[in-house]
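Shown next, in structure tokens, is the structure this report addresses.
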Amino acid sequence: MPFLTAAQHWDVHRPPSAEGKNFLVTGGNAGIGYFVAEQLAGTGATVVLGSRDAAKATAAMTAIRSRVSEARVRHLALDLADLATLKPSVDALGLDRLDAVVCNAGVLLDHPRRCETRDGYELMFATNHLGHFALTGWLAPLLSAAPAGRVVTTGSFVAKSARLDLSDLQVTRGYRPKDAYARSKLAQMLFGFELDRRLRAAGYTTVSVVNHPGGALDPLTPSRPPVHVRTTGQRLRGLPAGVLLQGKHAAAWPAVRAVLDPVVRGGQLWGPRMLGFRGEPRLEPVRGVLADTETATQLWTASVDLTGIDPFAH
């Protein structure tokens, strides 16, 4: 199936062929990332699941192959919370080009104790933002080698009501896990938009696109054993929430479209059609805190200082 033209309708159930392309999905072993990987595998592309847990990645590949008989999937050991391991992981990819990376993996803590990585950074900020920031830098040559590489960053609608404290990015004061998570997702999204501005200014063909999945619940998510098994009782209990929310298979649609659709452009934001919570992917306006270019610039500078890497600097 050829790539769609701009005039054709996007069908979430029949995305265009991407045979011969290489995609990396961070956190592709579970949750929304699993369904992003499954749907991309169905296009004929080679899909690499970035995961620190080899057993979970193996389970995910088993589930994908049970639905996509000729799926080209493999695992890449990847720990976004450990910055020193990212370059060796990228070296282990063994690819001559990468057509897209989906920066999907994320950590959401719900206990009140603040956790740090071995680098001494707050865990959610380090994993969700700094890890992807540094990973993108190491992947830059592979993305540039593709005819039209894409960096697809998955944020969250909770980021729209968050505020970054540039003087306390590590959330050392007044730590609350939900607020820290929202800030980390805002940082991710600001990075995605700022990255595209820098790519355009430097004349790169690589583009950066941001998406968010809306609201996704396990009871609305179809079974994918051994990764996810939904009982009949869970499905029935989740039905009322389906009025406003959706399963993780549908929550993957904005990221998949951001990777594949030829009409997608850098600097765009894609999310679910119905109030940003559920439905097929649509283009959303970039406004409010997401359009704060001054904060994005300052965050970029701070991220370079913290990681020692400046994506696409050369």
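Between K248 and A216 the shortest heavy-atom distance is CG-CB, 3.7 Å. Between P213 and S156, the shortest heavy-atom contact is CD-CA, 4.5 Å. Nearest heavy-atom pair across P281 and V12 is CD-CG1, 3.6 Å. Closest approach of H75 to M61, counting heavy atoms only: N-SD, 3.8 Å.
By the 4.5 Å heavy-atom criterion applied to side chains, V256 and F35 are not counted as neighbours. Counting heavy atoms from C-beta outward, T154 and V102 have side chains that approach closer than 4.5 Å. Two residues are said to be in side-chain contact when any heavy atoms from C-beta on lie closer than 4.5 Å; P177 and D110 fail this criterion. Looking at heavy atoms from C-beta onward, Y204 lies out of side-chain contact with L143 at the 4.5 angstrom threshold.
Residues passing the ring-ring contact (aromatic ring centres under 6.0 Å, His included) test with W300 are F133, F191, sequence neighbours excluded. In this structure, the side-chain hydrogen bond (donor to acceptor under 3.5 Å, both in side chains) partners of R114, at least two apart in sequence or on a different chain, are E116. By the side-chain hydrogen bond (donor to acceptor under 3.5 Å, both in side chains) test, K87 is found to be paired with D91, residues two or more places apart in sequence or in another chain being considered.
Between the side chains of T26 and N104, no donor N or O sits under 3.5 Å from an acceptor N or O. Side chains of R52 and S89: a donor-acceptor N/O pair is absent below 3.5 angstrom, by distance only.
S184 places a side-chain N or O within donor-acceptor distance of the main-chain N or O of Y181, the cut-off being under 3.5 Å. The backbone N or O of Q39 lies less than 3.5 Å from no partner atom in the side chain of R67, so there is not a single donor-acceptor pair. Remark: the backbone N or O of T153 is paired with a side-chain donor or acceptor of N211 at under 3.5 angstrom. Counting only distance, with no hydrogens or angles, the side chain of Q188 and the backbone of N128 share a donor-acceptor pair below 3.5 Å. Without hydrogens or angle criteria, R150 side chain to A258 main chain gives a donor-acceptor distance under 3.5 Å. Between the side chain of D196 and the backbone N or O of S208, at least one donor-acceptor pair lies under 3.5 Å. D119 places no side-chain N or O within donor-acceptor distance of the main-chain N or O of Y121, the cut-off being under 3.5 Å. Between the side chain of R72 and the main chain of G44, a donor-acceptor pair closer than 3.5 Å is present.
At a threshold of 4.0 Å, the pair D179-R176 counts as salt-bridged, since one of the basic side-chain nitrogens sits closer than that to a carboxylate oxygen. In summary, R183 and E122 do not engage in a salt bridge, as defined by a charged side-chain N under 4.0 Å from a carboxylate O. Ion pairing of D165 with R163 is absent here, as no side-chain N (NZ or NE/NH1/NH2) approaches a carboxylate O to less than 4.0 Å.
In the displayed structure, K56 atom NZ is contacted under 6.0 Å by at most 12 heavy atoms of other residues, nucleotides or ligands. Heavy-atom neighbours of R118 CZ from other residues, nucleotides or ligands within 6.0 Å: at or below the threshold of 12.
Partner L299 forms a side chain to side chain contact (heavy atoms under 4.5 Å, CB included) with one of E194, E294, H129 and no other, that one being H129.
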